[in-house]
Number of protein chains: 2
Amino acid sequence: MAVTISDVAHAAGVSKGAVSYALNGQPGVSAGTRERILQAAKELGWKPSLRAKGLSSAKAFALGLVVARDPSLLGTDPFFPAFIAGIETALSEHDYTLVLSVATGAGAEERCYRKLAENGRVDGFLLTDVRHDDSRIPLLQELKLPAVTLNRPDSDSPFPAVSMDDCAGITAAVEHLVALGHTRIAHVGGGQEYIHGRSRRQAWESALATAGLPADLFEAADFTAAGGMAATAELLRRTDKPTAIVYANDLMATAGQYYAQTQGLSVPGDLSVTGYDNADFTQYLNPPLTTVATEPMLWGRVAAQVLLNQLSNSHDGEDTVLQAPTLLVRASTGPAPAGEAAPNAPVPPHYTCTQQAPQHPDTPPTLCFP
Amino acid sequence: MAVTISDVAHAAGVSKGAVSYALNGQPGVSAGTRERILQAAKELGWKPSLRAKGLSSAKAFALGLVVARDPSLLGTDPFFPAFIAGIETALSEHDYTLVLSVATGAGAEERCYRKLAENGRVDGFLLTDVRHDDSRIPLLQELKLPAVTLNRPDSDSPFPAVSMDDCAGITAAVEHLVALGHTRIAHVGGGQEYIHGRSRRQAWESALATAGLPADLFEAADFTAAGGMAATAELLRRTDKPTAIVYANDLMATAGQYYAQTQGLSVPGDLSVTGYDNADFTQYLNPPLTTVATEPMLWGRVAAQVLLNQLSNSHDGEDTVLQAPTLLVRASTGPAPAGEAAPNAPVPPHYTCTQQAPQHPDTPPTLCFP
DNA sequence: GATCTCTACTAAACCGGTTCAGTTGGGAGT
DNA sequence: ACTCCCAACTGAACCGGTTTAGTAGAGATC
């Protein structure tokens, strides 16, 4: 059996309580005794039992992440693995672990949160894929567990948010296309129940408005390849079909680009395409995809850090805003087809291309890392 | 505060012990009393505290999965998300959860296993990406925790394995290429420290031997896109360059196909390409990739199930063999270039194409699901 | 030198379950 | 009627920590 606090107490010739004080840096033991206890603990190789700690302090020393995506879609999205890796970097420094659940099917998500909370598995949750009027926010309030949301929800939320602005990346994509002379720039949106689905659409609308162009080429989809393909087919069927499509993520862009090519269109000759996320494989598409390089690892690390700070009461409750992702121009975007360019918009000079992922400060400005 | 076992005992007018017996289906309480206790527990909405249960029974009610891949590679591999989703389907039925750790950097992996074990976080581990002479096997024996390995390790292992044969898929790919008239069929291997890297290479060698062809076009890589691209470049530089390349995974195949196209080669006109894994995006490549459709979700479910059975002592210790994955023929493979085909091997008739993922029985044959 | 106060420490309760060692009461056996 | 036995149940110990209440002893105060 493993060595317990009683063994240490016996070895050091003190009581259990004294050992507990000494090892938690609490007052109540003299410097000499403390030293003796620490020495004994080290010699015996004592590791406090998290189970016992958890029982007496009513903590789980774990954070929860519930993923409610379709498993088949999960595998295609590069976001989660990197996001999780980021969480780990923050957790590994404190004795916390990540409890991951995948909920599939209606109602499964809520059951999942309830179960983890009621079983006392976790001390807090990381909320991803925040939805319009997200039901998980009142749920977690009911369950009385702290949380951190990725981006600020559109409903009232008492939880701090860690945000990475969608708007800038989409705006940059639209501006890039406008500069290339495109005037019919469509958007294939992600699920509009997600706030990032909505915000990307809104960013597209505003950017077009700024450029004095109509935002009438919208097709809703669901972030899946199949959805992106169907939406693309719909757009290309129109008489006023677009010369460029801004997709809400890479997977839809990949499928859309593929579909356009099967229809005999050249990318970017006849149709320019942009994605979002910078999935690894997009640089090996033919043509490589112009996309927006997000930093899911950083996001995960900061979100976990904020949640941990909240648990140790050292968080100020403020939202954290991460640096906005930047556009990565590759070969899937090009000048608008001849005869399509607006009269006063000749092919512009070379567009500034961000080839490197942007530099991020090690710690975001609004966070106080201990 | 939540309702405890004492509350239930008081409500039912019995002792704590009786409640414990009643709720665990143990003998020692009469049917009537049992009924009364269950009734009281239900009325009070009692949920047993996993923390307390864990402390007294020295269990964690969790399984561990340590992923030792580079985070950037993690995001590109569709295996893990699907595998994890499979694990979840098995765990959700029992009150178990998954503790996920991402270990990066030398030594981090072992520290990770040790930490989870010493902290009593998990009751067993799922071992993926098994390596040649894998050091984790003696490690876990030392830590005295049960485990399940994906595929049988090449060193002595006391742990049951859940295997999905690599050989059949690669063999089918080679046979498919041979039938198309190819005689110079290369292999870009995954990391040869991994047993699946080795077994895929061996499968390629044997299949070529069976076809009476030499296996001299091998290039080692590391399952990454960059590695696949470099290996492809190396192969295409040779004077006896291949007309077909069998890659050990989709990511390398994607990068390789892309590289070949940038060099002015037509796929499959000049070069046929096959992948492995059936990552979702591969069907949207140009051309769509011929690949081997594995079932990571099934794999995860069965592996978790075997480990759970082991924990409840209901596992027989036998290995479980899952149905071998099948070849999915798409457009990245075609007849060998003219003048390249073997004299007596005309373009063959249409090759049978498995368009559907294979049907798997709900429960694998060698497993006894309760 | 008696009291007062503070530090350093101990003993025991506690978290919420499981489990072991007894105790009780009723029915069978003789 | 007496023992014997077993099912049914209780009380307490236990898992390994934290925390509270209480105590011994040293030093300061008057």
Side-chain angles (χ1 to χ4, degrees), chain A residues 1-41 44-62 95-96 117-121 123 311-312, chain B residues 1-41 44-62 95-96 117-121 123 311-312:
Chain A
M1 208 47 221
V3 35
T4 75
I5 200 172
S6 299
D7 300 330
V8 177
H10 185 254
V14 294
S15 69
K16 279 169 62 179
V19 177
S20 178
Y21 292 141
L23 282 132
N24 294 321
Q26 299 207 1
V29 271
S30 66
T33 310
R34 182 179 305 258
E35 196 52 47
R36 199 154 37 89
I37 293 172
L38 292 174
Q39 181 65 23
L44 294 174
W46 179 68
K47 300 262 172 188
S49 151
L50 272 186
R51 286 197 199 105
K53 255 182 133 112
L55 179 59
S56 59
S57 62
K59 282 200 270 184
F61 302 100
D95 258 321
Y96 270 71
E118 286 168 357
N119 281 344
R121 290 282 197 178
D123 299 321
L311 291 174
S312 60
Chain B
M1 207 47 222
V3 35
T4 75
I5 200 171
S6 299
D7 300 331
V8 177
H10 185 253
V14 293
S15 69
K16 278 169 64 177
V19 177
S20 177
Y21 292 141
L23 281 133
N24 294 320
Q26 298 207 1
V29 272
S30 66
T33 311
R34 183 180 305 260
E35 195 53 47
R36 198 153 38 87
I37 293 172
L38 291 174
Q39 181 66 24
L44 294 174
W46 178 69
K47 299 265 172 190
S49 151
L50 272 186
R51 283 196 201 106
K53 256 185 135 112
L55 180 59
S56 59
S57 62
K59 282 201 270 185
F61 301 100
D95 258 322
Y96 270 72
E118 284 167 0
N119 281 344
R121 289 283 197 178
D123 299 322
L311 291 174
S312 61

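Proteins come first, then strands; the chains are lettered A, B, ... in the order of their sequence lines, and each starts at number 1. Worth saying up front: this structure is predicted, and the values here are computed from it rather than measured.
Here A/Lys47 pairs with B/Glu118 under the salt bridge (Lys or Arg N to Asp or Glu O under 4.0 Å) rule; sequence neighbours left out. Not counting sequence neighbours, the partners of A/Ser15 by the side-chain contact (heavy atoms from CB on, under 4.5 Å) test are A/Ala18. In this structure B/Glu35 satisfies the salt bridge (Lys or Arg N to Asp or Glu O under 4.0 Å) test with no other residue, sequence neighbours excluded. The side-chain contact (heavy atoms from CB on, under 4.5 Å) check on B/Leu55 picks up A/Arg51, A/Ala52, A/Leu55, with sequence neighbours excluded. A/Arg121 pairs by the side-chain hydrogen bond (donor to acceptor under 3.5 Å, both in side chains) definition with B/Thr97, not counting sequence neighbours. Listed by chain and number, the residues in a side-chain hydrogen bond (donor to acceptor under 3.5 Å, both in side chains) with A/Arg36 amount to none (sequence neighbours excluded). Applying the salt bridge (Lys or Arg N to Asp or Glu O under 4.0 Å) test to B/Asp7 and every residue at least two apart in sequence or in another chain returns nothing.
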Pairs of donor and acceptor atoms involving the side chains of residues 19-30 of chain B, under 3.5 Å and at least two apart or interchain, shall be tabulated with distances.
unit_1	atom_1	unit_2	atom_2	d
B/Asn24	ND2	B/Ser20	O	3.0
B/Ser30	OG	B/Thr33	N	3.4
B/Ser30	OG	B/Thr33	OG1	2.8

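Less than 4.0 Å separates DNA chain D from no heavy atom of any residue of residues 34-41 of chain A. Within residues 22-30 of chain A, the residues having any heavy atom closer than 4.0 Å to DNA chain C are, in order of number, A/Gly28, A/Val29, A/Ser30. Taken residue by residue, residues 5-17 of chain A places heavy atoms nearer than 4.0 Å to DNA chain C at A/Gly13, A/Val14, A/Ser15.
Between A/Ser20 and B/Leu55, it is B/Leu55 whose nearest contact on DNA chain D lies nearer the 5' terminus.
Looking at heavy-atom distances under 4.0 Å, A/Lys59 makes no contact with the nucleic acid at all.
The C1' atoms of five pairs define one axis at each end of the helix from C/dG1-D/dC30 to C/dT30-D/dA1, and these two axes lie 60° apart (to 10°).
Taking every side-chain heavy atom of B/Ser56 into account, D/dC15 is the closest of D/dC15, D/dG17, C/dT19.
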